[in-house]
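Report on the following structure.
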Amino acid sequence: MNPLLERLGTYPLAAFQDLARTMAAEGVPLHDFSVGDPVEPTPPFVRQALIEGLGEVSQYPTAAGLPQLRAAIAAWVERRFGVRVDPDRHVLPTAGSKEAIFHLPLGILDPHGDRRAVLWGDPGYLVYERGQLFAGGTSDPVTLAHETGWRLELGDLASRRLDAACIAWVNYPHNPTGAVVDLDYHRRALDTARDRGLVLASDECYADIHPEEGPRPPSALQAAADDLEGLVVAFSLSKRSGMTGYRCGALVGDPDLIRAQRILRPNIGTASPEFVQHAAIAAWGEDTHAVQRRGVFNAKRAIVLDFFDGAGIAVSGSAATFYLWFAAPGGDDAAYAEALLRHRVIASPGRAFGPAGRGWLRLALVPSVEGCKEAVAIWRDAIASGTLPGHD
Ligand SMILES: Cc1ncc(COP(=O)(O)O)c(C=O)c1O
């Protein structure tokens, strides 16, 4: 067996997971804020497009995807970010953004070369590292911190780290912290990446999940404008359109990087089935459902933030995405998560996203608005009765 499977497969919080599973099996109703997989229904017009796309014969989808899908993605990029991209050269539909992130290094990394590392932010989405390792590369996590807004500043890294890397992943709005960056950040990151000859890969799967007021999160595509050299951006319909189960995303960027993926992907056979691509065309082509979904997440966000405020629980980041990132009362994220679990509320200990997540917890605003109200009431009572650690 590939030793990586043993090494990466063991989850650091097995005891915590076991306890959650035991409680669920005992029929204890749980308020589960752990996995970022929302329960709001997929918009009916998207489901309808899938049904209508289901022909009598179903053949292999191509790696390049349906031309209408590439056009729909390019049109969304232009509406959302004001950037024009060529659907045929700059756009690649993917089966969700996770597989695209995992497979990206296979089209970039030379496993026998000297630039084998991936730079990525800790805490962060672990797939950046995993894709690189399975492709024969190495991992160089960059510690992020509350004090610097959880920003990965490429330009602050030592030359030797930049010279050893072939890809730098940035992810704003950020999972797990919900931190955001401005357009200047993307300009700095792209300048540094180009200067140092590494690919800037920007995971923007939460681009459309943000509060309604204030500026919308910018894209690294805006920093690149009409020259996409050295840049690739990952997008997703999962969160924007409630389509986690459909598996639809996109890579947009440097035509050479897109071409490498198009050459690679027929070897793997990873592509959304064409009936799913028809649903994706409908979803990328419509924006009001995304506004409505944001409204629901923002309502949940307000309920929990109001409670945190009253309880004196300190929040960091949490400016966009449907995640709230808060400091563990008492300082120990694992102990606090376990104590919360005993009250039937599941939050993710920050260390699940890398060592720099210690001391913090992530809440994914996944339960319904009612579920959020119930969980907050339980939590408030637990603090009042002194059964949660770290609340004086
Ligand atoms: C930061 C980040 N990137 C990518 C993904 C993958 O999303 P999907 O494969 O559903 O597009 C997730 C999922 O939670 C995520 O949090």
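All residue numbers in this chain count up from 1 along the given sequence. Quick note: numbers below take in every heavy atom, side chains included, and nothing from hydrogens, waters or symmetry partners. Order of listing sets the numbers, starting from 1, for every ligand and every atom in it.
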* E99 and T270 side chains, donor-acceptor separation under 3.5 Å -> no
Does the residue C205 have a heavy-atom contact with ligand 1, meaning some pair of atoms that are separated by less than 4.0 Å? yes
- request: Go through the side-chain N and O atoms of S202 and H186 and say whether any donor and acceptor fall under 3.5 Å apart.
  value: no
protein heavy-atom neighbour closest to atom 3 (N) of ligand 1 works out as D203 OD2, 2.5 Å
Check for me whether R247 has a heavy atom closer than 4.0 Å to any atom of ligand 1.
yes
- Can you tell me if T387 and R342 form a side-chain donor-acceptor pair at under 3.5 Å? no
Between D37 and T244, do the side chains contain a donor N or O and an acceptor N or O under 3.5 Å apart?
yes
Determine, using the 4.5 Å side-chain heavy-atom cutoff (strictly less than), whether I101 and L154 are members of one ILVMFWY cluster.
no
(Q) Would Y172 count as a contact residue for ligand 1, given that I'm defining contact as a non-hydrogen atom of the residue lying under 4.0 Å from a ligand atom? (A) no
- Crowded around R79 CZ? As in, over 12 foreign heavy atoms under 6.0 Å? yes
Ranked by distance from atom 7 (O) of ligand 1, the top protein heavy atom is S97 OG, 3.2 Å
Under 4.0 Å from one or more heavy atoms of N171, ligand 1 contributes atoms 1 (C)
Looking at R240 and I209, would you say the former's side chain and the latter's main chain have a donor-acceptor pair under 3.5 Å? no
I101 heavy atoms within 4.0 Å reach ligand 1 at atoms 3 (N), 4 (C)
If we number the atoms of ligand 1 from 1 as shown, the ones under 4.0 Å from a heavy atom of S236 are 8 (P), 11 (O)
Looking just at side-chain N and O atoms, do Y128 and D203 make a donor-acceptor pair shorter than 3.5 Å?
yes
Tell me if a side-chain donor or acceptor on K300 pairs with a main-chain N or O of V366 at a distance below 3.5 Å. yes
Looking only at protein heavy atoms, what sits closest to atom 13 (C) of ligand 1 is K239 NZ, 3.3 Å
Atom 10 (O) of ligand 1 has as its nearest protein heavy atom S238 OG, 2.5 Å
The answer for which part of L237 has a heavy atom under 4.0 Å from ligand 1 is neither
The atoms of ligand 1 lying under 4.0 Å from a heavy atom of G96, numbered in the order shown, are 9 (O), 11 (O)
Candidates Y206, W169, F102; heavy atom nearest atom 15 (C) of ligand 1 found on Y206
So, Y323 versus Y206: side-chain donor-acceptor pair below 3.5 Å or not? yes
Atoms of ligand 1 under 4.0 Å from any heavy atom of Y128, numbered from 1 in the order shown, are 1 (C)
*asked:* Y125 versus ligand 1: do any nitrogen or oxygen atoms come within less than 3.5 Å of each other?
replied: no
